[in-house]
J.: 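Can you keep this structure in mind? I'll have questions shortly.
Fair warning: this is a prediction, and the values are worked out from it, not measured in the lab. One-based numbering, in listed order, for ligands and for the atoms of each.
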Amino acid sequence: MKISFLGTGTSTGNPEIGCRCEVCTSSDKRDDRLRASVLVEIEGKRILIDCGPDFRMQMLRTLETEYFTQLDGVLLTHEHYDHVGGLDDLRTFCRNGALEVYAEDDVANAIRTRISYVFKEHKYPGIPNLNLNEIRNEPFFISGIKIIPVRLMHGQLPILGYRIGNFAYLTDLKTIPEEEYAKLENLDVLVINALRFEEHISHQTVENALQQIEKIKPQQAYLTHMSHHFGLHAVMEKKLPDNIFIAYDGLVV
Ligand SMILES: [Zn+2]
Ligand SMILES: [Zn+2]
């Protein structure tokens, strides 16, 4: 399995527009973070998790090193713009027929409203051909690959993380319902959000993320969805335990 980090930043991305802090003005490329998303390649299939407003730039970068125009499915974690704002740019990946997109019903409904032109009966030529599949918190398959949704709480909002094989992608969570931890046993790679040090109403702090990793006990963990208040990559990476890494845009695991 190959996991490519397409974006590792919070909703604003780093640098934040107009910010002159040391992270936003850093010359270390690892401090430039597009909106959070990963591409998973497994058994010859490609599955995208989240499709934020930077998707176009992320794909231009990705296709420079590895050319493809086929995606087998798109998993959405929740409806916030930083996770779905690039859905219109999926049109390249719809040329061989409808692209399967998977989301819970409330997320699917939000998308039908947000980009309603995509789902009209009489479609404007060239728009993306998306087939929205409404999923529940139950395992399902994409082209033979088993996907296990994991309920997460983004503050008060129920959202989903996903487990594929021994990899799990959990972003934008503040808490995990106790009964969901059973789905997170024996992970090789856990990706989990760590926004910043200060408390936030709907996101984990760095300390919360480290506690979750301690509890879940994956072989390796990667932090994602960082804000500029997370600090400089080069400084922060020295403070983490041996099996916990800071993800950055372009990292392949
Ligand atoms: Zn987010
Ligand atoms: Zn800043």
J.: Return the orientation label for the Phe93 and Phe68 ring planes: parallel under 30°, perpendicular over 60°, tilted otherwise.
T.: tilted
J.: Relative to the ring of His83, is the ring of His78 parallel (under 30°), tilted (30 to 60°) or perpendicular (over 60°)?
T.: tilted
J.: Are the side chains of His154 and His80 in touch, meaning some heavy atoms are under 4.5 Å apart?
T.: yes
J.: ND1 (His228) to the Zn ion (ligand 2) to SG (Cys24): angle, nearest 10 degrees?
T.: 110°
J.: If the cut-off is 2.8 Å, does any N/O/S atom of His203 fall short of it from the Zn ion (ligand 1)?
T.: no
J.: In this structure, is the centre-to-centre distance between the rings of Tyr124 and Tyr117 below 6.0 Å?
T.: no
J.: May I ask you to check if any N/O/S atom from His229 comes under 2.8 Å of the Zn ion (ligand 2)?
T.: no
J.: Does the side chain of Leu90 come within less than 4.5 Å of Phe55's, by heavy atoms?
T.: yes
J.: Rounded to the nearest 10°, what angle sits at the Zn ion (ligand 1) between OD2 of Asp82 and OD2 of Asp172?
T.: 170°
J.: Taking both backbone and side chain into account, is any N, O or S atom of His80 nearer than 2.8 Å to the Zn ion (ligand 1)?
T.: no
